[in-house]
Amino acid sequence: MTFTTDNPVTWQYLDIDAQNQAKIANSRVSVSQLIQEKHAHGWSPEELHFQHPEIPLAAIYSALSYYYTYQPQIDAQIAQEQEEIQNLQADLITMGVGHHTADFKQRLQQKRQQQQG
C-alpha cells in the first residue's frame, strides 16, 4: 500500500522510498517494525533504543514523529502486512507445511522428550 504526503518533509535519520515506506537510515529496521514492537510490548522510545542499540535514540524519535504524522496511513500499511502474513500462514496450513502440522508437533514432542530423558 502506498500513500502520498501533502507536504514533503525531510525526516532526519530516515530513508523514505517512492512508496513512502520509511526505515531507519543505515539499518534494516522500518518505522512500521518499530511501531509494531512499541505496540506489542508497550516499549518506550528508550526501551526501543535498548532493544536496538545500533539505532540512535534521536532516530527512534524521528521514526515516532514520522509515524504520528502519518499514523492512519502507516496503520493501514501494518494491517495490510498482517493480512498478507495471515493469508500466507493459511496457505501453508492448507498445504500441510509449517509448524501447525501434526508431523511437526510430533517431532517437536519427540525432541523435547529426548532432551529431558
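We use all heavy atoms of the structure for the numbers below, so side chains are in, but hydrogens, waters and symmetry mates are not.
- With rounding to the nearest 0.5 angstrom, the CD atom of Glu54 is 11.5 Å from the CG atom of Asn26.
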With a 3.5 Å cut-off and sequence neighbours excluded, list the donor-acceptor pairs that the side chains of residues 41-52 form with protein atoms.
residue: Ser44; atom: OG; partner: Glu46; partner atom: N; Å: 3.4
residue: Ser44; atom: OG; partner: Glu47; partner atom: N; Å: 3.1
residue: Glu46; atom: OE2; partner: Tyr61; partner atom: OH; Å: 2.9
residue: Glu47; atom: OE2; partner: Gln51; partner atom: NE2; Å: 2.7
residue: His49; atom: ND1; partner: Ile55; partner atom: O; Å: 2.7
residue: His52; atom: NE2; partner: Glu37; partner atom: OE1; Å: 2.7
residue: His52; atom: NE2; partner: Glu37; partner atom: OE2; Å: 3.3

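- Here CG of Leu92 is found 11.0 Å from CG of Asn87. Values are rounded to the nearest 0.5 Å.
- Going from atom CD of Gln21 over to atom CD1 of Ile74 covers 8.5 Å, rounded to the nearest 0.5 Å.
- Summarising the geometry of Asp15 relative to Ala25, their closest heavy-atom pair is OD2-CA, 3.4 Å, with the distance given to 0.1 Å.
- Contact annotation: the side chain of Arg28 never approaches that of Gln33 to less than 4.5 Å [non-hydrogen atoms, C-beta and beyond].
- Rounding to the nearest 0.5 Å places CD of Gln77 at 9.0 Å from OG of Ser30.
- Side-chain contact check for Tyr67 versus Leu34: every heavy-atom pair is 4.5 Å or farther apart.
- The hydrophobic clustering, which links ILVMFWY residues whose side-chain heavy atoms are closer than 4.5 Å, places Ile78 and Ile85 apart.
- Hydrophobic clustering, with ILVMFWY side chains joined whenever heavy atoms are under 4.5 angstrom apart, keeps Leu88 apart from Met95.
- Considering only heavy atoms from C-beta on, Gln80 comes within 4.5 Å of Glu84 through its side chain.
- Considering only heavy atoms from C-beta on, Tyr70 stays 4.5 Å or farther from Val31 through its side chain.
- Between Ile24 and Ala63, the shortest heavy-atom distance links the atoms CD1-CB, 3.7 Å.
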Just distance, no hydrogens or angles: give the donor-acceptor pairs under 3.5 Å from side chains in residues 107-116, sequence neighbours left out.
residue: Arg107; atom: NE; partner: Asp103; partner atom: OD2; Å: 3.3

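- The nearest pair of heavy atoms linking Ser62 to Trp11 is O-CE3, 4.1 Å.
- Of the possible donor and acceptor atoms, one in the side chain of Gln36 sits under 3.5 Å from a partner among the backbone N and O of Ser32.
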